[in-house]
Amino acid sequence: MSLYNHKEIEKKWQKYWAENKTFKVEENREKPKFYVLDMFPYPSGSGLHVGHPLGYIASDVFARYKNLNGYNVLHPMGYDSFGLPAEQYAIQTGQHPATTTTTNIEGGVDKEGNKISGYRKQLDKIGFSFDWDREIRTSSPDYYKWTQWIFKEIYNAWYNKKTDKAEPIKNLINVFEKEGNINVSAATEYEEVFSSNQWKEWSEKQQNKVLMNYRLTYLSDTWVNWCPELGTVLANDEIKDGVSERGGYPVEQKKMRQWSMRITAYADRLLRGLEELDWSDSIKDIQKNWIGKSKGASISFSIAGFSEKIEVFPTRPDTIFGVSFMVLAPEHPLVDKITTKSQKHKVEEYQLKALTKSERDRLSDVKTISGEFTGAYAIHPFSGKKIQIWIGDYVLASYGTGAVMAVPCGDQRDWDFAKHFQIEIKNIFKEINISESAYIDKDATIVNSDFLDGLSVKKAIKLSISELQNKGIGKGKTQYKLRDAVFSRQRYWGEPFPVYYKDDIPYVFEENKVVELPEINKYLPTEKGDPPLARAEKEKWNISIFGDRMEYNTMPGWAGSSWYFIRYVDPKNSEDFASSEKIDYWQNVDLYIGGAEHATGHLLYSRFWSKILFDLGHIPFQEPFQKLINQGMIQGNSALVYRDKNTGRFISKGKKEKYQVVSFHVDINFLNGDILDIEKFKKWRKEYNNAEFVFEDSGEYICGREIDKMSKSKYNVQTPDDLVEKYGADTLRCYEMFLGPLEQHKPWDVQGITGVQGFLKKLWKLFHKEEVFMTSNENPTKEELKTLHKTIKKIKEDIERYSFNTPVSAFMICVNELTAMKCNKSKILKELLIILSPYAPHICEELWEKLGNTKSITTATFPEFNPEYLIENNYKYPVSFNGKMRFTVELPINLNKEEIEKEIFKNEKTKAYLKGVEPKRVIVVPKKIVNIVY
RNA sequence: GCCCGAGUGGUGGAAUUGGUAGACACGCAAGACUUAAAAUCUUGUGACCAUCUGGUCGUGCGGGUUCAAGUCCCGCCUCGGGUACCA
């Protein structure tokens, strides 16, 4: 073998790595650990396209780099294998989702007879350094046994606000038995107070009901986002623009008995925890927004003639004297009660109208101001004045208290509302004109406000809160937008809950045994509307049910992915979710790479579960992912053909203006560059067999191009398999990195790949003469060492700042320079192979072996950069005149400013540019630049 | 609307702290080898002007700071992401 044969080399080394378990990793206290993780994929039937491996390649480069630098690197891979598509497929074909899932991972044939290559085989071809002995699948009972265990841990925990952490529910029960709940400060909506006697007297059912209010996962009747088409409940982050993210089906509000996770207890810690994370600002912002912390006061207004109060939550309690009316959401429970007879008709009409309006309508209808007066009055807590109570659909029942104290001078929506209904607008800001709009900045001085007069906003907020507190009508309060997360799905293909019901009370199984997903005859809801699991008879379950029935819901997609990074450290442990020694060694993930679309889902829930597990003493860290990189999406480069509407002929791109055309997507595999292969196209579909064309003058058919999401339906999917076959995995790896910064979105374009392959061929040639392997043992020259060490420095610096694209150019430059020097010295090439091996591991292993090494290149050490080789005697000074670079002058590096200036002015060219004019100023920056101003 | 991020040749992109804009690669053009093609190699390639030397312009647009701005500041435009009557 003499020419670079990527197929043979890659096959050989992939086999070698697998047989020798090269990437198997164990705890090793001699070495520092490094944990590199990719977001694990959902194994879909369509397999990997070139966008998927982008992040995996980057993390693999980093993992291999860290390994060469003496770290013990954990770099696992697995599958998030519960999910909707497999279930949808099961509904259509009757095939068990487990079967589909296995086929999608391991390869095989699907029900329609399509060949599925399988994720694992696709991944293997790219040469990743995954430790496959650690593979996990969230749908495997060995794995979800522990997802269920974590659920039980969460179920058996409550949030103690005094210690600011989760604690076992047992402790709480002890307290209840001793002294009731009088001294308990917990994350709960439950406000009733009970004594120890009351607690003891209660039935089990009653006690259970009360405890539900404290548990970190609890059952409650909640308004949920119900998607009838999917037959399931969706989390807020699974809905985009009012329709389901998957499928785009309408979503409606429905009340259902659901498991929820008390994530709100962690709102503040989730917010504060962001500060110490090395994540992009945009992801941090998204999470901050989602948590939505706002500080203010809760104030209750009494209503004239009623005992009820209206609770409001202003963030600006300092504007309390600017209140000129109140607005309730049309759905507010008090509306029916306080509305006067004369207003009743109008109010009810308005309520009905508001009901029919969808969220979307309300949103798009910002300009229309609407509302109705209820006829009732609230009492201002300080002035005692009567103020009108209105309803308006700009106030949402679902947010805060569903009521606002309207301060038109300080809030634009209140201002608009007051103007529209001609309600008084009181100005409480000193020397501020509010005749055109409200004043929302916080830099005014408060006036017309009794005891707040003359104060700054900041001081007035403080004082107003303490006065409210004194009067017992309000207090300072912090509110979050974050809601508790609904944790039930009316689905089959998910983790079953380790829960059964007896007399309608939920119980979790005491014994630590997995509750396996039972076989059912159909993957659809029952006629009664119960979830599919209701179809399983009691004996179909692998566990003896002591109660009346099992929980029929399953867990959501994010359950398994919220803790998988912990399981990787000890994936086969059957006694524990992972041994504490191993967790202690590996700790949290040092580098996590994945898509930004998981910002509010997976990335938030994982942080939430980590904090619970930390509080309960199961793990020693609170944050799962220290450094996060969000890789950009690789978009598809679709190809279009144009068909003449009149004749049905296909018109080439350059001629299409002369015709009335409709465009179609065609398979990108029919193209060579932008030129369509007419024969392939004709064979594609029957109706094209006799297609006629209008060509360019050159006689070719040129396709249009368009950047789309990569998807089957646009025929623009490029699989890594084809490219690996044609160019090799090493080329693909380097090329995907070469494409641009990892975080950036970029269209896929295969045109540049030949350049990268050319680079590897040139590398190969450095080691060969006349197609025979030949290297020299001579000592390298200064120039050769300079090239090598310049590259070592650049690669190290770039990889460490996660710049994965620039090293590829540096390697190219290095190989180009060595080629120009005709360098085949093993002392140089050996080190080049080591630094290149994270990018192109196969070719490097092969050449490494040819150099006479018997151990894999993965056991090598990343070379030390030696600055001595980069010391220059001269520097080429760019000489600028008035900031414009004109020419360069090479000067000894050790000259000082004055000497440099002298040398420059000796130069003929300098004189020519100055034309005898005396320079006004000369700037000399040694080892940088010379600028002459004249 | 608000909050982030981005805008550089025909294309992907480089320029890490203000200091030679366009590295590296694709594409294109010319040439060498070849019966021919592929592969490979050599040369050129931001735009405009000029016979070369060279000059003018040039990093989305308009200003500004500076000896010097792709990089910093102010105001806009476009695109992408997030969020949405949040009280």
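Because only heavy atoms are used, hydrogens play no part in the values below, and waters and symmetry mates are left out as well, while side chains stay in. Numbers restart at 1 for each chain; the letters A, B, ... are given by sequence-line order, proteins then strands.
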task: Return the 5'-most residue of the pair V404(A), P747(A) with respect to RNA chain B, ranking by each residue's nearest nucleotide.
output: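 Closer to the 5' end of RNA chain B: P747(A).
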- prompt: Which sits closer to the 5' end of RNA chain B, G752(A) or T888(A), going by the nucleotide each is nearest to?
  reply: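 It is T888(A) whose nearest nucleotide is closer to the 5' end.
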Separation between the P atoms of rG19(B) and rC73(B), rounded to whole Å: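 Nearest-Å result for rG19(B) against rC73(B) at atom P: 15 Å.
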- request: Could you work out the separation of rU66(B) and rU71(B) based on their P atoms and round it to a whole Å?
  value: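 Per the computed distance, 16 Å lies between those P atoms.
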Between [atom2] on [N] and [atom1] on [X], what's the gap in Å once rounded to a whole number?
X       : N       : atom1 : atom2 : result
K746(A) : rG5(B)  : NZ    : P     : 19 Å
M885(A) : rA68(B) : CE    : P     : 17 Å
K762(A) : rC24(B) : NZ    : C1'   : 10 Å
F881(A) : rG55(B) : CZ    : P     : 11 Å

Sub-4.5 Å side-chain heavy-atom contact between T315(A) and Q479(A):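 With C-beta onward as the side chain, the pair stays apart.
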task: Would you mind classifying the nucleic acid contact of N816(A) as base, sugar-phosphate or nothing, using non-hydrogen atoms under 4.0 angstrom?
output: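 Since only primed, P, OP1 and OP2 atoms lie under 4.0 Å of N816(A), the category is sugar-phosphate.
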message: Counting the atoms with a prime plus P, OP1 and OP2 as sugar-phosphate, which does K884(A) contact under 4.0 Å by heavy atoms, base, sugar-phosphate, or nothing?
response: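 Sugar-phosphate: the residue K884(A), judged by heavy atoms under 4.0 Å, touches backbone atoms but no base.
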Parallel, tilted or perpendicular, judged at 30° and 60°: which one describes the rings of [X] and [Y]?
X       : Y       : result
F811(A) : F759(A) : parallel
Y877(A) : Y875(A) : perpendicular
Y913(A) : F881(A) : parallel

- prompt: Can a donor-acceptor pair under 3.5 Å be found between the side-chain atoms of N931(A) and the base atoms of rC67(B)?
  reply: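 Flag set: donor-acceptor pair detected.
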query: Would a distance-only check, ignoring hydrogens and angles, find a side-chain to backbone donor-acceptor pair under 3.5 Å from Y727(A) to H6(A)?
result: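 Pair absent, no side-chain N/O of Y727(A) close to backbone of H6(A).
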Residue pair I799(A) / F62(A): nearest heavy atoms and the distance that separates them: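 The answer is O-CE1, 3.3 Å.
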- prompt: Once Watson-Crick and G-U wobble pairs under 3.5 Å are found, how is RNA chain B written in dot-bracket notation, 5' to 3', with | for any base paired to another strand?
  reply: (((((((..(((......[....)))((((((.......))))))((((....))))..(((((..]....))))))))))))....
- request: Look at the side-chain N and O atoms of Y735(A) and state whether any lies under 4.0 Å from the OP1 or OP2 oxygen of rC24(B).
  value: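 Checking rC24(B) against Y735(A), no side-chain N or O comes under 4.0 Å of OP1 or OP2.
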